[in-house]
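To start, the structure itself, in structure tokens.
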2 protein chains.
Amino acid sequence: MQTKYNIVKQAIKSKILDGTFQPHQKISSESELMKQFGVSRHTVRLAVGDLVNNGWLYREQGAGTFCADRTQENNNTSVGNQKNIAIITTYISDYIFPSIIRGAETYLSQQGYHVSLFSTNNDHDNERRFLEKILTQHFDGVIIEPTKSAISNPNINYYLNLERQNIPYIMINAYYDELEPLSITLDDEKGGFLQTEHLIELGHKDILGFFKNDDSQGPKRMKGYLKAHRAHGIDINPSNIVTYKTEDKYDKPVSDLAAILDGPEGKRPTAIACYNDELTIALLDVIRERELNIPKDISIIGFDNSFLTNVSEVKLTSIKHPQSEMGEVAAQKMLSMVSNKHSNGKSNKNDLTSVVFDPELVVRSSTGLPKNK
Amino acid sequence: MQTKYNIVKQAIKSKILDGTFQPHQKISSESELMKQFGVSRHTVRLAVGDLVNNGWLYREQGAGTFCADRTQENNNTSVGNQKNIAIITTYISDYIFPSIIRGAETYLSQQGYHVSLFSTNNDHDNERRFLEKILTQHFDGVIIEPTKSAISNPNINYYLNLERQNIPYIMINAYYDELEPLSITLDDEKGGFLQTEHLIELGHKDILGFFKNDDSQGPKRMKGYLKAHRAHGIDINPSNIVTYKTEDKYDKPVSDLAAILDGPEGKRPTAIACYNDELTIALLDVIRERELNIPKDISIIGFDNSFLTNVSEVKLTSIKHPQSEMGEVAAQKMLSMVSNKHSNGKSNKNDLTSVVFDPELVVRSSTGLPKNK
DNA sequence: TCCGATTTGTTCGTATGTATG
DNA sequence: GCATACATACGAACAAATCGG
């Protein structure tokens, strides 16, 4: 329910949580807020009044409204033995995310932790909402997959606030470079390299590459693609690289491939390297429609070695992603960070280093020798 | 300082303290208070709003303002704003479960609830462990998908204990018959009927049916399969029914189908009705290996209308399962049960009835006319 | 010390939206 | 469908406290 006073309320709360308003600092006056949000004084007072009631602000007649100091309000911190870990991912129900989550959930659950899941649907606003929730309510730690990790993140302040409040967080799959956080990732560049090298070694020289470019995995995989070409002394045709954003994933790559396949036959690529298996499955339909045989007419390789490699008539060659293992490792690290926090200080330095998984090539039937070889 | 709203406030508070207003009793309406004290509505709302904030009253739109029950609000003061709902399913990361969970999680999260997930992996011991946790720690409600709902449940006592402790629970997908709980399900029998009837109407008379038999959905879908045969006056070949347990789902149906397809051609069924899409995808491989064309040589129909209907070269005809909608409805009902508990008693009877979703047939390319027709 | 500008506090009026019974 | 009751929102006025000059 989006009421005006609620919008004002959330906006003020956000500014407190992201550190714009520091404790005991004066916030905007009522008349300023009226202008800012284009609402009546009544509405502003409702919003501010709510926040005062919940301990976020305090008012002083004649002086102004001030940010409250919530530093040690947490008398309820140790609500018994209720330990909470949050997992934030872009999606929870799609593709390989369920596997990653399961790996973490199983471990955390066994260790007696409560696990809360949130999915940002690749939206920074949602990410902010959840970070606010974590800062507000009591959580012992967060495992987070960054949203749109390739572009600069508007919620950096919230992460810094997590650090200030001593709430440990771990990033998986990717990380925001500015933060240099503890992270559990796959070596995406090497993965992209293995993908392309496999095709090159089969004899392909004209390899179409599809890469998502709004998370940081995409550019890294593309870098591997380029490196493999260079390492084998093969020229790269710039038009062989197609990039797309998450919101276009259902349309752009499909129509781009269709255009290429319907173009002059001589210029048709003999192989395709895909950002992931999900895209590969989508592109299969384009190839089928044109009655091209895989891998005789065209080879195609996926990424992540997900369950999707196995659902179609063509079994996909792919690159192994640790999936549930990644989740489990993240969970283990998280718990050792949580216990370190309590035992205050030094610990196994082992536990506090980032992990980079090594990708492996898994060959199935979607890749083969090029036609004219 | 005697402000008008303070006078009103004190007067109402007095009536609560001297027992004029008993817990859950409706107090005077805002317009009545306006008359009584000769003040504006705004002033009344200020006074009442303060009392609501301090837990003396609660308001219900359209109904009135009521005296709160402050009898055992002791622990509530600090922990009270942390609302916890548990979701227990057999799996969290597989198949359609992520979608169901997402539907519930999104709604509960929006309403400010804290959601904890647990997966039993179809094991009664795990189910018991989680129920113990819920009984021990503070949870406001549970959304649960029964584990092995077809066979008698060893944890019935735990459910009865939930009732005794006044912790509301809702079952989704299936329910333990003995408990007669509030449940959100799909009409599985009708789904099975639609599946089979679709094949019969296409002209199939020899229809192989695969049904899981350790959850209650399986037998119901099978019942629909049988009913459709009877409704169309078609004899049922007993050997056309294959049942399997969850732990055999990767082996038994596949080997059984292989044996049948490798048998005498005359006795080969012309169509297959599957317990769900996941099984359907697995069986596709068996059919492909024998180079049979779908749907020309054999039709196959799935169940749940999951994302798997769309990943293969053959797009699966299936039966629609509400998935995320089921989760959301369960979450809504859960919250109205939780709030009823607090306002103690009467409520919309609407909210407290079970929901049975109506399945729909979704036709794609995996079903067609039988060969000799 | 007083003034005036600013800021929050109290109070009234009015209107429309939405849930309940 | 209708009356009732609470929810949201705009406008206006005056009071009381604060703060810099």
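Order of the sequence lines sets the chain letters (A, B, ...), proteins ahead of strands, with each chain counted from 1.
Rounded to a whole Å, the CZ atom of Phe37(A) is 17 Å from the C1' atom of dT8(D). One can place CD of Glu30(B) at 7 Å from P of dA7(D), the figure rounded to the nearest angstrom. Atoms CG (Asn53(B)) and P (dA7(D)) sit 12 Å apart, rounded to a whole Å. A straight line from NZ of Lys9(B) to C1' of dT11(C) spans 16 Å, rounded to a whole angstrom. For the pair Asn6(B) CG and dG9(C) P, the interatomic distance rounds to 14 Å; values are reported in whole Å. Asp50(B) places its CG atom 15 Å from the C1' atom of dT11(C), with the value rounded to the nearest Å. For the pair Leu57(B) CG and dA5(D) P, the interatomic distance rounds to 16 Å; values are reported in whole Å.
Contact between the side-chain N/O atoms of Arg45(A) and the OP1/OP2 oxygens of dT8(C) is not found at any separation under 4.0 Å. OP1 or OP2 of dT4(D) has not a single side-chain nitrogen or oxygen of Ser31(B) nearer than 4.0 Å.
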Task: B/S/- contact track for nucleotides 10-21 of chain D, protein heavy atom under 4.0 Å - done: BS-B--BBB---
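Residue Asn122(A) is tested with Thr147(A), Thr89(A), Thr246(A) for a side chain to side chain donor-acceptor pair (under 3.5 Å); the sole match is Thr246(A).
Summarising the geometry of Asn153(B) relative to Glu178(B), their closest heavy-atom pair is N-OE2, 4.1 Å, with the distance given to 0.1 Å. Heavy-atom minimum distance, Cys67(A) versus Ile16(A): SG-CG2, 3.9 Å. Between Asp304(B) and Arg221(B), the closest heavy-atom pair is OD1-NH2, 3.7 Å.
Between atom CD1 of residue Ile96(B) and atom OH of residue Tyr91(B) there is a gap of 13.0 Å, rounded to the nearest 0.5 Å.
Comment: Arg41(B) engages Glu30(B) in a salt bridge, judged by a side-chain N to carboxylate O separation of less than 4.0 angstrom.
Between Leu46(A) and Gly64(B), the residue anchored closer to the 5' end of DNA chain D is Gly64(B), taking for each the nucleotide with the nearest heavy atom.
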TODO: Please step through salt bridge (charged side-chain N to carboxylate O under 4.0 Å, His left out) for the pair Lys245(A) and Asp214(A), ending with a clear verdict.
DONE: CA-CA 6 Å; Lys245(A) 293 193 193 311; Asp214(A) 54 356; over 6 Å; no
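Relative to the side chain of Arg59(A), the nucleotides dT8(C), dC6(D), dT7(C) differ in distance, and dT8(C) lies closest.
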